[in-house]
Undergrad: 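Have a look at this one before I ask anything.
Start at 1 with the first residue, then count along the sequence. Whatever order the structure lists them in is the order used to number ligands and atoms, beginning at 1.
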Amino acid sequence: LPSINSKKSKEYNVWLIFTKVTNVSTLSYKFRDLLHNLLNVSSVPLKFNIIVDKVSQTIAENQITEVLLYGRKSLVYSFYDIEDCAKKIQDIVEVMTPHFSSKPGTYYSDALFYISLGLYRIAPLNQHYAILLDCDLYFKKDISLLFDEFAKFKSSALFGLAPELTPVYRHILHAYKSKHNTTFGEFYHDGGNSSNQSHPNGFQGYNTGVVLINLGAQRKSLEFPKVVSNESVQAMTTKYRFRGHLGDQDFYTLMGYEYPHLIQTLHCGFNRQLCTWWRDHGYSGIFSDYFKCSHDVIVLHGNCNTRIPKR
Ligand code: UDP
Ligand code: MN
């Protein structure tokens, strides 16, 4: 019989979202560069799963052709239609958007920001593990290091996420923090001793540029459907007076407060964000405490359109 480990090690499912793209969008170059980068840096056979609309699929096919001409490698991939995906997660999206979307958009533009939460319904049943990646990433090291993290998951974890590296959740929690003594929203630091709660050393929240998903465990979970229910989301947003605009990562951050057993925290080197917007918007004094990352960098994340230094 194959051991659990060998089963794990045979699956290298990478998921990408590539929608609302035009021939001139920078997203199309980010997508091409990331595919090229992943083919170069991976020691394992990746399976790409790409969520697209019709126009974006054509652009993706052209970019894949370019990568293959240039790189002389092969690439295993499938496309998934965003409208089909949106239908499958409609209930989750309806619960989340009032709290975590900046403005209600068109039919599928909302769904785009919550795919990670419902990917277990979209992915084929023979996929047990998946990594959902933003397109604005650059891998400095082998992506197999990221897949290796699944083996380190605590048994209750459904997701693996690295910290958000700005004070955005300190900002959002302002009202709650003015009345409660909590490490939530504080930057990560050594020597915390409030051992009666989770995240004693500060908790910056999570960033969703890199999301590890234990699809098999999520499909079996009796708890997860309750956590994404309207009652649960209402209760959490009310308790923390939380109004966000960053989609699924706002929800994961709340999960980190109330259901920390469901999330495995990855170190910051697995999603080293580069956006410095908050430094210039009221947080210059403490920005660097949030932004610092002392771990080895495996993945750079050029979020908020930040240019990625590639050597
Ligand atoms: N995305 C997309 N179409 C869009 C905008 C975003 O498909 O019009 C996808 C794409 O995979 C992108 C991800 O959503 O990487 C998140 O957006 P982005 O990385 O720009 O957000 P940031 O990391 O800057 O918050
Ligand atoms: Mn990004």
Undergrad: Using modelled atom types and a 3.5 Å cut-off, is there a donor and acceptor pairing between side-chain atoms of Thr238 and backbone atoms of Gln234?
TA: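 Yes, the answer is positive, given that a donor and an acceptor are paired below the 3.5 Å cut-off.
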Undergrad: Among pairs that include at least one residue of residues 160-169, which meet side-chain hydrogen bond (donor to acceptor under 3.5 Å, both in side chains), considering only residues two or more places apart or in two chains?
TA: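 Checked against side-chain hydrogen bond (donor to acceptor under 3.5 Å, both in side chains) - neighbours excluded - the pairs reaching residues 160-169 are Glu164-Thr166, Glu164-Asn207, Glu164-Gln249, Tyr169-Gln249, Tyr169-Asp250.
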Undergrad: Could you tell me the residue and atom name of the protein heavy atom closest to atom 12 (C) of ligand 1, and the distance to it rounded to 0.1 Å?
TA: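 Checking every protein heavy atom, the shortest distance to atom 12 (C) of ligand 1 gives Cys135 N, 4.0 Å.
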Undergrad: What distance separates Ser56 OG from Phe31 CZ, expressed to the nearest 0.5 Å?
TA: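 One finds 9.5 Å between OG of Ser56 and CZ of Phe31.
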Undergrad: For Asp136, state whether at least one heavy atom is located under 4.0 Å from any atom of ligand 1.
TA: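 Judged by the 4.0 Å heavy-atom criterion, Asp136 does count as contacting ligand 1.
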Undergrad: Do any heavy atoms of Cys304 fall under 4.0 Å from ligand 1?
TA: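 In this structure, Cys304 qualifies as a contact of ligand 1 - some heavy atom is under 4.0 Å.
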Undergrad: Going by the closest heavy atom to atom 6 (C) of ligand 1, which one wins out of Thr22, Leu112, Ile51?
TA: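 Nearest heavy atom to atom 6 (C) of ligand 1 lies in Leu112.
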Undergrad: With heavy-atom distances below 4.0 Å as the criterion, list the atoms of ligand 1 near His301.
TA: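 Answer for ligand 1: 23 (O).
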Undergrad: Clusters formed by hydrophobic residues whose side-chain heavy atoms approach within less than 4.5 Å: which one holds Val76, and what are its other members?
TA: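 Once heavy-atom contacts under 4.5 Å are chained together, Val76 still belongs with nothing else.
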Undergrad: For the residue pair Asn214 / Gln264, report whether a side-chain donor-acceptor contact shorter than 3.5 Å exists.
TA: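 Gln264 vs Asn214: no donor-acceptor pair found between side chains.
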Undergrad: Give the atom numbers and elements of ligand 1 that come within less than 4.0 Å of a heavy atom of Ile17.
TA: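 Result: 7 (O), 9 (C), 10 (C), 11 (O).
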Undergrad: Can you count the protein N, O or S atoms that lie less than 2.8 Å from the Mn ion (ligand 2)?
TA: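 Count of protein N, O, S atoms less than 2.8 Å from the Mn ion (ligand 2): 4.
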Undergrad: Would you confirm whether Ser232, through its side chain, and Val227, through its main-chain N or O, come within 3.5 Å as a donor-acceptor pair?
TA: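 Between the backbone of Val227 and the side chain of Ser232 there is a qualifying donor-acceptor contact (under 3.5 Å).
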Undergrad: Side chain or backbone of Lys30 under 4.0 Å from ligand 1, or both, or neither, by non-hydrogen atoms?
TA: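 Neither part.
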Undergrad: Would you mind listing which atoms of ligand 1 come within a distance below 4.0 Å of any non-hydrogen atom of Asn303?
TA: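 The list of qualifying atoms is 22 (P), 23 (O), 24 (O).
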Undergrad: Between Ser221 and Ala217 (side chain of the first, backbone of the second, donor and acceptor by atom type, cut-off under 3.5 Å), is there such a pair?
TA: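 No; judged by distance alone, with no hydrogens or angles, the pair does not exist.
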Undergrad: Looking at Lys292 and Phe287, would you say the former's side chain and the latter's main chain have a donor-acceptor pair under 3.5 Å?
TA: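 Answer holds: no.
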Undergrad: Kindly give the cluster partners of Ile308, where membership spreads through any ILVMFWY side chain lying under 4.5 Å from a current member.
TA: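 ILVMFWY cluster around Ile308 also holds Tyr138, Leu274, Val297, Leu300.
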Undergrad: Go through ligand 1 atom by atom and flag the ones less than 4.0 Å from a non-hydrogen atom of Phe18.
TA: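 Those qualifying, in numeric order: 7 (O).
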Undergrad: Which of the numbered atoms in ligand 1 are below 4.0 angstrom from a heavy atom of Lys20?
TA: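 Those of ligand 1 that fall under 4.0 Å from Lys20 are 8 (O).
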Undergrad: Scan side-chain atoms only and decide if Asp136 and His301 contain a donor-acceptor pair under the 3.5 Å cut-off.
TA: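 Result is yes, a qualifying pair exists.
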Undergrad: Taking atom 13 (C) of ligand 1 as the point of reference, which of Leu27, Asp134, Leu34 owns the nearest heavy atom?
TA: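 Minimum heavy-atom distance to atom 13 (C) of ligand 1 goes to Asp134.
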Undergrad: Could you tell me whether some N/O pair between Thr19 and ligand 1 is separated by less than 3.5 angstrom?
TA: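 Yes.
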Undergrad: Nearest heavy-atom pair of Leu215 and Ala123: which atoms, and what distance?
TA: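 Taking Leu215 first and Ala123 second, the nearest heavy atoms are CD1-CB, 3.8 Å.
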Undergrad: Verify the distance criterion only: is there a donor paired with an acceptor across the side chains of Tyr283 and Arg170 at less than 3.5 Å?
TA: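 Absent: no donor and acceptor within the cut-off.
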